[in-house]
Amino acid sequence: MNRSQRVIIGIIGIAMIAWIINLYLYPIKLDAFPIRKELINITGVISFLMMGVIMLLAVRPKWLDRYLGLDKMYHLHKWVGIWAIVFAGLHYVVKLGKPVLQLFFEQGQRMKGARPELTGLQGWLDQYVGFAKDVGEYLVYFLLVVLVLTLWNKFSYKIWRYTHKLMAPVFLLLAIHAVVLTPWNYWFQPLGILVGLAVVIGSVCAVISMLGLIGKTSTHAGKVLEVKQLGNCIEVTCKLSGEWQHKAGQYAFFKHDRLEGAHPFTISSADEGDNVVRFSIKALGDYTKYLQNNIHAGDCVEVEGPYGLFDYQRSQSSQQVWIGGGIGITPFIAWVESMIQNNDHETQVDFYYCACNEQEADYANYLKTLCESLPNVRLHVHCSDVAGYLTADKLMQDSNEKISDIWFCGPSGFAKKLKSDLKERYETVAPNFHQEMFQMR
């Protein structure tokens, strides 16, 4: 079970425990309509708690990055967001089920006489029940559209990004929906405390997002020093302002066009203490293709970061395998430069640079030159058109099954296959598998 699954199950579990406590304190009649009402409530609470979590993750808090790594945070953000929308859909479907229930069950008679007049805060909130219900209904449709755009990777990233930016004001409207419609007795129980925390934390994060303050304290103005074409990639070298430090293997958000916004790229250079960073960018999408022809020396940029925990020095042993697939080679370039800089001759590495063919192995010659001064790093340029795909068997045979850690950056399908084969064939000696898994959607 991965971290995202544990968090999702944890949110559901905590909400369910709090709900059961509430049912114990305020028992309901075991009829269809009271049960329906409680199902509406608990699906709504679970969805809203998950919305609060995704708002927190969206502001990229540094303390969470130091614990999880931003790539894992975005992976968690994606899946918690998907399940938040799933539960929002269930919440709405159960609400729409009333006419169906009426075909099979007789609804209890309402209390005779006028509805009791509510006073104080409860009475004030009651004025907005109709508005809150209408807002919730419209926002479910919007969230379902967001879900489709998120899962449909071929849809324009730019349109998806702007749609996603609307999630901050959407959350504030959902917070109104939650506060107004949460049953009054919930507020005096653990369930109400959970909802209240989600309202406060999520709303603060939504305001930070709407004011454009995400990552502001970690953003550095910079100027492009050099743009160099290297095979299928461009190398963009920048000089940054302020105090900048990064560890080899980290990445940053790079902004060249204000309308386009910031995109994450791994820093492909070691930190030499001069505020100079280098990004290696391959034309894989609309924005990266745009950069190939539209970024020039002298251009002003903004760099936010650094982020990430992709650091080979976190391994427990010195016997490691590094695998860079395609443009996933970039963190390893920084690692090798850093090893030379720090005179690291102890870490024993089998380093696989995987590409479809020699023409696409843009950094093969550069890495060969670097590794000449590192006898502890054995570089293997693995071209699949000649040698086939790199397999778990080859890795284990090359290392005599003495690998303690594998560090991987590259296509997710490649990683999934390697992890599966290692677990299946070498379960007792399978190494730790560390993967950079950054995906914006």
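Quick caveat: nothing in here was measured; it's all calculated off a predicted structure. Both backbone and side-chain heavy atoms feed into the values below; hydrogens, waters and symmetry mates do not.
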- Does the separation of the ring centres of Phe310 and Phe408 fall below 6.0 angstrom? no
- Before giving the answer on side-chain contact (heavy atoms from CB on, under 4.5 Å), spell out for Ser47 and His91 the whole-Å C-alpha distance, their side-chain angles and the decisive distance to 0.1 Å. CA-CA 8 Å; Ser47 176; His91 175 72; 5.8 Å; no
- Message: Go through it in stages, so that I can follow the logic: the residues are Lys394 and His380, the test is side-chain contact (heavy atoms from CB on, under 4.5 Å), and I'd like the CA-CA distance, side-chain angles, deciding distance and then a yes or no.
- Response: CA-CA 12 Å; Lys394 179 168 178 54; His380 312 272; over 6 Å; no
- Provide the closest heavy-atom pair for Gly81 versus Ile54 in the form atom of the first, atom of the second, distance. N-CG2, 3.5 Å
- Message: Centroid separation under 6.0 Å, is that true for the rings of Tyr92 and Tyr141?
- Response: yes
- Query: Between Phe414 and Tyr389, is the gap from one ring center to the other below 6.0 Å?
  - Reply: no
- Message: Set out, in order, the CA-CA distance, both residues' side-chain angles and the distance that settles side-chain contact (heavy atoms from CB on, under 4.5 Å) for Ser203 and Leu172, then state yes or no.
- Response: CA-CA 6 Å; Ser203 297; Leu172 294 178; 3.8 Å; yes
- Message: With side-chain contact (heavy atoms from CB on, under 4.5 Å) as the criterion, how do Val277 and Trp244 come out once you've worked through the C-alpha distance, each side chain's angles and the decisive distance to 0.1 Å?
- Response: CA-CA 9 Å; Val277 294; Trp244 173 272; 3.3 Å; yes
- Task: Specify whether His382 and Tyr352 have parallel, tilted or perpendicular ring planes, treating 30° as the upper limit for parallel and 60° as the lower limit for perpendicular.
- Result: perpendicular
- Parallel, tilted or perpendicular: which describes the rings of Trp407 and His434, with under 30° parallel and over 60° perpendicular? parallel
- Contact list for residues 366-380, test salt bridge (Lys or Arg N to Asp or Glu O under 4.0 Å), sequence neighbours left out: Asp350-Arg378
- Message: Between Asp274 and Val276 (side chain of the first, backbone of the second, donor and acceptor by atom type, cut-off under 3.5 Å), is there such a pair?
- Response: yes
- Item | Least distance between heavy atoms, Lys247 atom then Asp311 atom | CD-OD2, 4.0 Å
- The ring pair (Phe, Tyr, Trp, His ring centres under 6.0 Å) partners of Tyr312 (sequence neighbours excluded) come to Trp322, Trp335
- Task: Provide the full list of salt bridge (Lys or Arg N to Asp or Glu O under 4.0 Å) pairs with a residue in residues 237-246, sequence neighbours left out, each pair given once.
- Result: none
- Query: Does a sphere of radius 6.0 Å around CD in Gln341 hold more than 12 heavy atoms from other residues, nucleotides or ligands, not counting ones at 6.0 Å or beyond?
  - Reply: yes
- Message: Assess whether a salt bridge exists between Glu304 and Arg60, defined as any Lys/Arg side-chain N lying under 4.0 Å from an Asp/Glu carboxylate O.
- Response: yes
- Message: Please give me the minimum heavy-atom distance between Ile11 and Ile46, naming the atom from each residue.
- Response: CG2-O, 4.5 Å
- Message: Restricting to non-hydrogen atoms, name the atom on Ala88 and the atom on Val140 that form the minimum distance, rounded to 0.1 Å.
- Response: O-CG2, 4.1 Å
- ring-ring contact (aromatic ring centres under 6.0 Å, His included), paired with His263, selected from Phe279, Tyr251, Tyr290, Tyr287: Tyr287
- Query: How about Ile295 and Val236: do any of their side-chain heavy atoms sit closer than 4.5 Å?
  - Reply: yes
- Query: Would you call the rings of His256 and Phe254 parallel, tilted or perpendicular if under 30° counts as parallel and over 60° as perpendicular?
  - Reply: parallel
- Message: Test side chain to side chain donor-acceptor pair (under 3.5 Å) on Glu38 and Tyr26; report intermediate values, then the result.
- Response: CA-CA 11 Å; Glu38 286 300 320; Tyr26 297 91; over 6 Å; no
